[in-house]
There are 2 protein chains.
Amino acid sequence: MMKPQFNLWLEINGEVGLSIWRVRLLQAVGETGSISAAAAQLGIHYRTAWQKIHEMETRLGQKLVETQTGGHGGGGATLTPTAQAYLDKFNQFSQQIEGEIHRHYQALFDFDDSQR
Amino acid sequence: MMKPQFNLWLEINGEVGLSIWRVRLLQAVGETGSISAAAAQLGIHYRTAWQKIHEMETRLGQKLVETQTGGHGGGGATLTPTAQAYLDKFNQFSQQIEGEIHRHYQALFDFDDSQR
DNA sequence: CAATCGCTATGACAAATAATCATAACGCTG
DNA sequence: CAGCGTTATGATTATTTGTCATAGCGATTG
């Protein structure tokens with residue numbers, strides 16, 4: 001009925017570098033091998049996905065996605081090792097936080113219910 | 001340079017009931033004794049503040065702010081005991097989570113720096 | 001006892017942001 | 001060498017958010 005939600009991101013000069021959603025996007029690129037397929041998987045437009053990736057790259061100052069235009073299948077995209085490292089670490093981070101939120105929520109709020 | 005940020009909220013049928021910002025708004029109302037002064041304190045327009053409060057009340061299905069129109073000083077607003085209770089508990093919750101985020105971030109990310 | 005004052009309340013509008021459309025270029029493949 | 005699915009990007013539309021403007025209220029005060 002009432003449940004805690006959260007968002008988590010890394011800021012870089014006051015701008016969002018990585019966030020849970022953005023990391024999910026990178027992950028989808030890595031899995032599918034293309035920005036276009038990743039966008040479809042997340043139910044967003046290619047343009048949006050590309051824009052977010054571009055944003056992340058300029059903000060972090062590092063290349064995250066290696067793209068290839070033309071060729072077999074029209075092209076594709078793969079994650080750089082840098083991106084993969086960010087991805088792994090951020091996933092670990094957000095999973096830990098999710099656990100903590102659940103734990104603290106139980107302790108603070110669900111206690112009420114067990115009182116009646 | 002790069003630092004973790006977060007948002008935290010309580011959802012109720014997929015809609016935001018309380019959040020860090022919203023709780024801060026309620027707190028400002030409690031401190032100043034009026035919605036208008038609270039809005040000024042947070043640097044937003046009265047309209048926005050009123051709207052958010054109204055939203056919270058309908059979503060939570062409970063009266064949070066007792067308002068009075070007319071009279072000495074034109075009127076005013078005070079928090080209901082319900083609102084005060086929510087406020088206290090949510091503040092406790094978010095402070096705990098903030099601590100956890102800082103802790104886990106140090107452990108995961110700042111470790112890199114101490115490696116060089 | 002009516003005029004004042006700052007506040008609540010809400011409709012209407014403007015600005016900013018995000019999503020979508022449209023089109024060009026690319027290069028392997030059959 | 002034409003076709004296909006992809007990257008890349010300018011232009012446009014839709015949605016969300018924030019701001020403006022105005023009406024009504026009622027204890028207080030001169």
Side-chain angles (χ1 to χ4, degrees), chain A residues 5 7 9 11 13-59 62-80 83, chain B residues 5 7 9 11 14-22 24-59 62-80 83:
Chain A
Q5 300 283 158
N7 192 15
W9 66 93
E11 242 176 43
N13 317 347
E15 291 181 317
V16 178
L18 293 175
S19 71
I20 291 178
W21 185 86
R22 289 159 116 102
V23 160
R24 193 145 48 211
L25 172 59
L26 286 181
Q27 198 154 17
V29 170
E31 286 169 5
T32 62
S34 94
I35 297 177
S36 158
Q41 192 181 89
L42 298 192
I44 62 172
H45 271 58
Y46 169 83
R47 177 78 224 234
T48 306
W50 181 86
Q51 235 164 13
K52 297 297 183 191
I53 290 172
H54 193 70
E55 240 179 38
M56 284 190 272
E57 288 186 334
T58 59
R59 286 176 185 176
Q62 275 173 318
K63 203 153 181 51
L64 298 176
V65 173
E66 202 69 56
T67 62
Q68 206 167 344
T69 157
H72 173 58
T78 57
L79 295 185
T80 63
Chain B
Q5 300 282 160
N7 192 15
W9 66 94
E11 241 176 44
E15 291 180 316
V16 179
L18 293 174
S19 72
I20 291 178
W21 186 86
R22 282 160 194 252
R24 193 144 48 211
L25 173 59
L26 286 181
Q27 197 153 18
V29 170
E31 285 170 5
T32 62
S34 94
I35 296 178
S36 158
Q41 193 181 87
L42 299 192
I44 61 171
H45 272 59
Y46 169 83
R47 176 79 223 236
T48 305
W50 182 85
Q51 236 164 13
K52 298 296 183 191
I53 290 171
H54 193 70
E55 242 180 38
M56 285 190 271
E57 287 187 334
T58 59
R59 287 177 185 175
Q62 275 173 318
K63 205 155 182 48
L64 298 176
V65 172
E66 201 70 54
T67 61
Q68 207 167 347
T69 157
H72 173 58
T78 57
L79 296 184
T80 63

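Everything numeric in this text was worked out from a predicted model, so none of it was measured. So you know, we letter chains A, B, ... as the sequences are listed, proteins then strands, and number each from 1.
Proximity of residues 22-43 of chain A to DNA chain C (heavy atom under 4.0 angstrom from any strand atom) is not detected for any residue.
More than 12 heavy atoms of other residues, nucleotides or ligands lie within 6.0 Å of CD in A/Glu11, so this atom counts as buried by the packing criterion.
A straight line from CD of B/Glu66 to C1' of C/dA9 spans 15 Å, rounded to a whole angstrom. Atom NZ in B/Lys63 sits about 12 Å away from atom P in C/dT8, given to the nearest Å. Atoms CD (A/Glu55) and P (D/dT9) sit 14 Å apart, rounded to a whole Å. A straight line from CH2 of B/Trp21 to P of D/dT17 spans 12 Å, rounded to a whole angstrom. Protein atom CH2 of B/Trp50 is 15 Å distant from nucleotide atom C1' of D/dT22, rounded to whole Å. Distance NE2 (A/His45) to P (D/dT13): 15 Å, rounded to an integer number of Å. Atom CD in A/Glu57 sits about 13 Å away from atom C1' in D/dA8, given to the nearest Å. Atom CD1 in B/Ile53 sits about 13 Å away from atom P in C/dT10, given to the nearest Å.
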How would you summarise protein contacts on nucleotides 11-18 of chain C per nucleotide, using B for base, S for sugar-phosphate only and - for none, with heavy-atom distances below 4.0 Å? BB------
What does nucleotides 25-30 of chain D look like as a protein-contact string, B for base, S for sugar-phosphate only, - for none, at under 4.0 angstrom between heavy atoms? BBBS--
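A donor-acceptor contact shorter than 3.5 Å is absent between the side chain of B/Glu66 and the backbone of B/Thr80.
Considering only heavy atoms from C-beta on, B/Val65 comes within 4.5 Å of B/Leu79 through its side chain.
Between the CG atom in A/Leu18 and the CH2 atom in A/Trp9 there is a gap of 13.0 Å [rounded to 0.5 Å]. Here CD of A/Glu15 is found 7.5 Å from OG1 of A/Thr58. Values are rounded to the nearest 0.5 Å.
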Enumerate, atom names and distances included, each donor-acceptor pair closer than 3.5 Å involving a side-chain atom of residues 25-34 of chain B, sequence neighbours excluded.
| residue | atom | partner | partner atom | Å |
| --- | --- | --- | --- | --- |
| B/Thr32 | OG1 | B/Ala28 | O | 2.8 |
| B/Thr32 | OG1 | B/Ser34 | N | 3.4 |
| B/Thr32 | OG1 | B/Ser34 | O | 3.0 |
| B/Ser34 | OG | B/Ser36 | N | 3.4 |
| B/Ser34 | OG | B/Ala37 | N | 2.9 |

Less than 3.5 Å apart, which donor and acceptor atoms pair up between the side chains of residues 39-54 of chain A and the rest of the protein, not counting sequence neighbours?
none

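A residue-by-residue look at B/Gly76 and A/Thr48 shows that B/Gly76 has its nearest nucleotide of DNA chain C further toward the 5' end.
By the side chain to side chain donor-acceptor pair (under 3.5 Å) test, B/Arg22 pairs with B/Glu55, sequence neighbours left out.
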